[in-house]
Number of protein chains: 2
Amino acid sequence: MYEQLKLDNQVCFRLYTASRLVTQAYRPLLEPLGLTYPQYIVLLALWEKDNQLVGELGQRLMLDTNTLTPILQRMERNGLIVRTRGIADGRQTLVSLTRDGVHLEERAKDIPACLTRTWQGEPMPNEQIAGFIGMLDSMINNLKK
Amino acid sequence: MYEQLKLDNQVCFRLYTASRLVTQAYRPLLEPLGLTYPQYIVLLALWEKDNQLVGELGQRLMLDTNTLTPILQRMERNGLIVRTRGIADGRQTLVSLTRDGVHLEERAKDIPACLTRTWQGEPMPNEQIAGFIGMLDSMINNLKK
DNA sequence: TAACAATATATCGTGTACGACATAATCCGT
DNA sequence: ACGGATTATGTCGTACACGATATATTGTTA
């Protein structure tokens, strides 16, 4: 068989697998908060800056509205956000945190450290982490449209 | 807000995004072959070693049967594989390539190089790629059950 | 200013992911 | 040899992803 088609030579397969396993690792931490991972990153974006348009959120999270809208609908149903139509421009939808959505930040604050411990095992040198992040950022940069 | 909750400080969000963008980059290359990315990695595994049990494939790809079975059913419907029940052990299902499934390898052989060019942009030093792969492998190792 | 292009968001259909549960075949101790 | 535990796979329900399309507003131009 072609050497380049072997699974062990595939960077992308590792990326795909690592991403899935990380999302699985989030599950037990997010479930008590009633969140999925995509819902969690929507909240991360909103905790940084409340009252964002669907399009702004989409740019920040690199998700299109066909993915984002259903997530936002569930989050609204669960009382974490509200969506307000047409303030200046009637086409836009503004996404805002409810009191519940705001309060969840406090309960989420230890999740990042916990997850880092899980995937890192033994703490790694910062330089190595920085190299990893740099590679991911460069990949994302090369792939985004 | 908590510094550790900022999106820019999240390794996992980058991983999730990079993985999604990579899968998107595969799409135009796989679509002419009538494949999705998960179907493609099933073929990678079968091109390496034909006639594998569902469980073996699952271990190799780190996917459980509840994900794998529907994928295999579609691939069987599309004539790429056949599933044979109960050879020695009546509980097992053996997955084998059809002639079409075998022939697809030829048409797929340039995909890895093409994708590497896409996400890498300027070719990177091998050492850097090796470090990246090492990090992903260590992550996968720490996260797998 | 009426028609038409452009924009922002939503809907729809297909294909994953994955926890929970179901089913069927084998194993194992008595 | 038989009944319960174990194992291999499949089914079901929910929630993403995402291409394609639809809908509703706003801009724009003749």
Side-chain angles (χ1 to χ4, degrees), chain A residues 13 16-28 30-32 34-42 52-59 61-78 80-81 83-95 143-145, chain B residues 13 16-28 30-32 34-42 52-59 61-78 80-81 83-95 143-145:
Chain A
F13 171 62
Y16 163 79
T17 301
S19 173
R20 280 185 25 257
L21 295 182
V22 164
T23 304
Q24 287 178 30
Y26 268 103
R27 203 175 299 267
L30 292 176
E31 204 193 335
L35 294 174
T36 63
Y37 183 70
Q39 292 172 16
Y40 169 70
I41 62 174
V42 167
Q52 293 192 58
L53 301 177
V54 172
E56 290 181 86
L57 277 176
Q59 281 207 342
L61 304 178
M62 302 209 233
L63 290 171
D64 215 337
T65 68
N66 51 4
T67 300
L68 212 41
T69 297
I71 295 175
L72 296 174
Q73 287 169 342
R74 281 175 216 111
M75 293 177 75
E76 185 166 37
R77 214 164 46 235
N78 296 341
L80 301 174
I81 59 166
R83 296 186 305 155
T84 323
R85 203 64 196 263
I87 309 88
D89 186 330
R91 293 166 297 185
Q92 306 182 134
T93 299
L94 190 68
V95 181
L143 291 170
K144 78 167 173 232
K145 285 141 298 190
Chain B
F13 171 62
Y16 162 79
T17 301
S19 172
R20 278 193 314 102
L21 295 182
V22 164
T23 303
Q24 287 177 30
Y26 268 103
R27 202 175 300 267
L30 293 177
E31 203 193 339
L35 294 174
T36 63
Y37 183 69
Q39 292 171 15
Y40 169 69
I41 62 173
V42 167
Q52 294 193 58
L53 301 177
V54 172
E56 290 182 86
L57 277 176
Q59 281 206 341
L61 304 176
M62 302 210 229
L63 289 170
D64 216 335
T65 68
N66 52 4
T67 300
L68 212 40
T69 296
I71 294 175
L72 296 174
Q73 287 169 342
R74 280 176 215 111
M75 293 176 75
E76 185 165 38
R77 212 163 48 234
N78 295 341
L80 301 174
I81 59 165
R83 295 186 305 155
T84 323
R85 203 62 196 263
I87 309 88
D89 187 330
R91 293 166 297 185
Q92 305 182 135
T93 298
L94 190 68
V95 181
L143 291 169
K144 76 167 175 234
K145 283 143 295 192

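In the text below, chain A, chain B and the rest are named by the order of the sequence lines, each starting its count at 1.
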- Establish whether the base of dT7(C) is bridged to the side chain of Arg91(A) by a donor-acceptor pair shorter than 3.5 Å. yes
- Residue-phosphate contact under 4.0 Å: Thr69(A) side-chain N/O, dA10(C) OP1/OP2: yes
- Message: In this structure, how many angstroms lie between the P atom of dC12(D) and the CD atom of Gln73(B), rounded?
- Response: 10 Å
- Query: Within this structure, what is the CG-to-P distance between Leu53(B) and dT7(D), rounded to whole angstrom?
  - Reply: 16 Å
- Item | More than 12 heavy atoms from other groups under 6.0 Å of CD on Gln59(B) | no
- Item | First encountered from the 5' end of DNA chain C, between Thr67(A) and Thr36(B) | Thr67(A)
- State, with a plain yes or no, whether a side-chain heavy atom of Arg83(A) is found less than 4.5 Å away from one of Leu94(A). no
- Would you mind telling me which of dT9(D), dC16(D), dT16(C) lies closest to the side-chain atoms of Ile71(B)? dT16(C)
Identify every side-chain donor-acceptor pair in residues 86-93 of chain A under 3.5 Å, counting partners at least two apart or on other chains, and give the distances.
residue: Asp89(A); atom: OD1; partner: Arg91(A); partner atom: N; Å: 2.9
residue: Asp89(A); atom: OD1; partner: Arg91(A); partner atom: NE; Å: 3.0
residue: Asp89(A); atom: OD2; partner: Arg91(A); partner atom: NE; Å: 3.4
residue: Asp89(A); atom: OD2; partner: Arg91(A); partner atom: NH2; Å: 2.7
residue: Thr93(A); atom: OG1; partner: Arg85(A); partner atom: NE; Å: 3.2

- Look at the side chain of Tyr16(A) and decide which nucleotide, out of dA8(C), dT11(C), dA17(C), has an atom nearest to it. dA17(C)
- Item | 5' priority, DNA chain C, between Asp64(A) and Arg27(A) [closest heavy atom] | Asp64(A)
- Query: Does a distance-only test, which skips hydrogens and angles, find a donor-acceptor pair under 3.5 Å between the side chain of Thr65(A) and the base of dA8(C)?
  - Reply: no
- When you measure from the side chain of Val54(B), which nucleotide among dA25(C), dA20(C), dT9(D) comes out closest? dT9(D)
- Message: Let me spell it out: for each of Thr23(B) and Arg77(A), pick the nucleotide of DNA chain D with the closest heavy atom. Which residue's pick is nearer the 5' end?
- Response: Arg77(A)
- Query: Is the side chain of Thr69(B) donor-acceptor paired with the backbone N or O of Thr65(B) at a distance under 3.5 Å, no angle test?
  - Reply: yes
- Atom CG of Leu63(B) and atom P of dC18(C) are separated, to the nearest Å, by 7 Å
- Task: Counting heavy atoms from C-beta on, name the nucleotide in dC18(D), dA20(C), dT26(D) closest to the side chain of Arg20(B).
- Result: dC18(D)
- Note on the structure: Atom OH of Tyr37(B) and atom C1' of dT16(C) are separated, to the nearest Å, by 13 Å
- In whole angstrom, what separates Tyr26(A)'s OH from dA17(C)'s P? 19 Å
- Arg74(B) vs dT16(C): side-chain N/O to OP1/OP2 distance below 4.0 Å: yes
- Note on the structure: Judged by nearest nucleotide, the residue sitting upstream toward the 5' end of DNA chain D, Gly55(B) or Pro70(A), is Gly55(B)
- For the base of dG10(D), is there a side-chain donor-acceptor partner from Asn66(B) under 3.5 Å away? no
- Between dG10(D) (P) and Arg83(B) (CZ): distance, integer Å: 5 Å
- Single hit among Tyr26(A), Tyr37(A), Tyr16(A) for ring pair (Phe, Tyr, Trp, His ring centres under 6.0 Å) with Tyr16(B): Tyr37(A)
- Message: Quick check on dA24(C): is either OP1 or OP2 less than 4.0 Å from any side-chain nitrogen or oxygen of Gln92(B)?
- Response: no
- Query: So which nucleotide from dG10(D), dG15(C), dA24(C) ends up closest to the side chain of Thr93(B)?
  - Reply: dG10(D)
- For the residue pair Gln52(A) and Val95(A), establish whether any side-chain heavy-atom pair is separated by less than 4.5 Å. no
- Note on the structure: Of the listed dC18(D), dA10(C), dG19(C), the closest approach to the Gln24(A) side chain comes from dG19(C)
- What's the closest nucleotide to the Gln39(A) side chain, out of dG19(D), dC16(D), dA10(C)? dC16(D)
